[in-house]
Amino acid sequence: MTLHSYRDRTIGVIPIRLALGLALLGAARLAGARSGPALVAFVVGVFGITFVIFNDPRARFVRRDVDPPDAPPDAEVAPRWRQALAATLPSTVAVAVLACIALVPQPTLAALLAGVEAGLGVAALLSLARIDPGLYVDPRSDVVYRRPS
């Protein structure tokens, strides 16, 4: 069994999301988006998705008192690069694909989606302090384990 650390996945995906967001903003500018509207759309995307992530009303229904089982002793931890790439699915990849689709017909929309991409990175960065470093997940079954340090 190969496990992924929630914290390592988050740390690994932050630079990917931020770099993709900035690259997509540059692509939107090259595709014809004027700088003023593109920057406003980018900032709205960053703040909008960050606000939505931290104010999700579904969070009220999540049970926080569940104690995850200990990880099996033979479980291995995946390399950080593999954890980071796994963390890009589906949200990071989907937003990037949508931004690429919007580039030619709607470059300002692509800039907004670039902001959403970067905002996912900002939200991940802001959530680091709340992630328990002892929590690991089996990506095949989505079962959460606690791994003693």
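Along the sequence shown, residues are numbered consecutively beginning with 1.
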Please find the pair of heavy atoms, one from [X] and one from [Y], that lie closest to each other, and give the distance.
{"X": "Ala111", "Y": "Ala38", "answer": "CB-O, 3.6 Å"}
{"X": "Ala124", "Y": "Arg17", "answer": "CB-NH1, 4.0 Å"}
{"X": "Ala28", "Y": "Pro107", "answer": "CB-O, 3.3 Å"}
{"X": "Leu24", "Y": "Ala96", "answer": "CD1-CA, 4.0 Å"}
{"X": "Thr50", "Y": "Gly119", "answer": "OG1-O, 3.4 Å"}
{"X": "Ala87", "Y": "Thr92", "answer": "O-OG1, 4.3 Å"}

Using modelled atom types only, decide if a donor and an acceptor are shared between the side chain of Arg60 and the backbone of Pro57 within a distance under 3.5 Å.
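Checked: pair present.
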Is there a path of hydrophobic side-chain contacts, each under 4.5 Å between heavy atoms of I, L, V, M, F, W or Y residues, that connects [X] with [Y]?
{"X": "Leu89", "Y": "Val97", "result": "yes"}
{"X": "Tyr6", "Y": "Leu125", "result": "yes"}
{"X": "Val46", "Y": "Phe54", "result": "yes"}
{"X": "Val43", "Y": "Leu25", "result": "no"}
{"X": "Leu126", "Y": "Leu22", "result": "yes"}

Evaluate the criterion salt bridge (Lys or Arg N to Asp or Glu O under 4.0 Å) for residue pair Arg58 and Asp56; output intermediate values, then yes/no.
CA-CA 5 Å; Arg58 296 174 296 175; Asp56 186 354; 2.7 Å; yes
Could you go step by step and tell me if Phe42 and Leu112 meet the side-chain contact (heavy atoms from CB on, under 4.5 Å) rule?
CA-CA 5 Å; Phe42 183 81; Leu112 174 74; over 6 Å; no
So do Arg9 and Ile11 actually touch side chain to side chain, heavy atoms under 4.5 Å?
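No. Closest side-chain heavy atoms not under 4.5 Å.
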Starting from the C-alpha separation in whole Å, work towards a yes-or-no answer on side-chain contact (heavy atoms from CB on, under 4.5 Å) for Leu128 and Thr10.
CA-CA 7 Å; Leu128 272 179; Thr10 303; 3.7 Å; yes
Val77: partners by side-chain contact (heavy atoms from CB on, under 4.5 Å), with sequence neighbours left out:
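Result, side-chain contact (heavy atoms from CB on, under 4.5 Å) vs Val77: Gln83, Tyr136, Arg147.
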Quick check for you: to the nearest 0.5 Å, what is the distance between [X] atom [atom1] and [Y] atom [atom2]?
{"X": "Leu113", "Y": "Gln106", "atom1": "CG", "atom2": "CD", "answer": "11.0 Å"}
{"X": "Ile16", "Y": "Leu120", "atom1": "CD1", "atom2": "CG", "answer": "12.5 Å"}
{"X": "Leu20", "Y": "Thr88", "atom1": "CG", "atom2": "OG1", "answer": "8.5 Å"}
{"X": "Arg146", "Y": "Asp67", "atom1": "CZ", "atom2": "CG", "answer": "6.5 Å"}
{"X": "Arg140", "Y": "His4", "atom1": "CZ", "atom2": "NE2", "answer": "9.0 Å"}
{"X": "Ser127", "Y": "Ile14", "atom1": "OG", "atom2": "CD1", "answer": "6.5 Å"}

Dump the intermediate steps for side-chain contact (heavy atoms from CB on, under 4.5 Å) on Leu135 and Ile131, then the final yes or no.
CA-CA 8 Å; Leu135 292 181; Ile131 297 174; 6.0 Å; no
Test Asp138 against Tyr145 for side-chain contact (heavy atoms from CB on, under 4.5 Å), laying out the working first.
CA-CA 8 Å; Asp138 178 0; Tyr145 295 99; 4.1 Å; yes
Among Ile49, Ile53, Asn55, side chain to side chain contact (heavy atoms under 4.5 Å, CB included) partner for Phe51:
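Only one of Ile49, Ile53, Asn55 forms a side chain to side chain contact (heavy atoms under 4.5 Å, CB included) with Phe51, namely Asn55.
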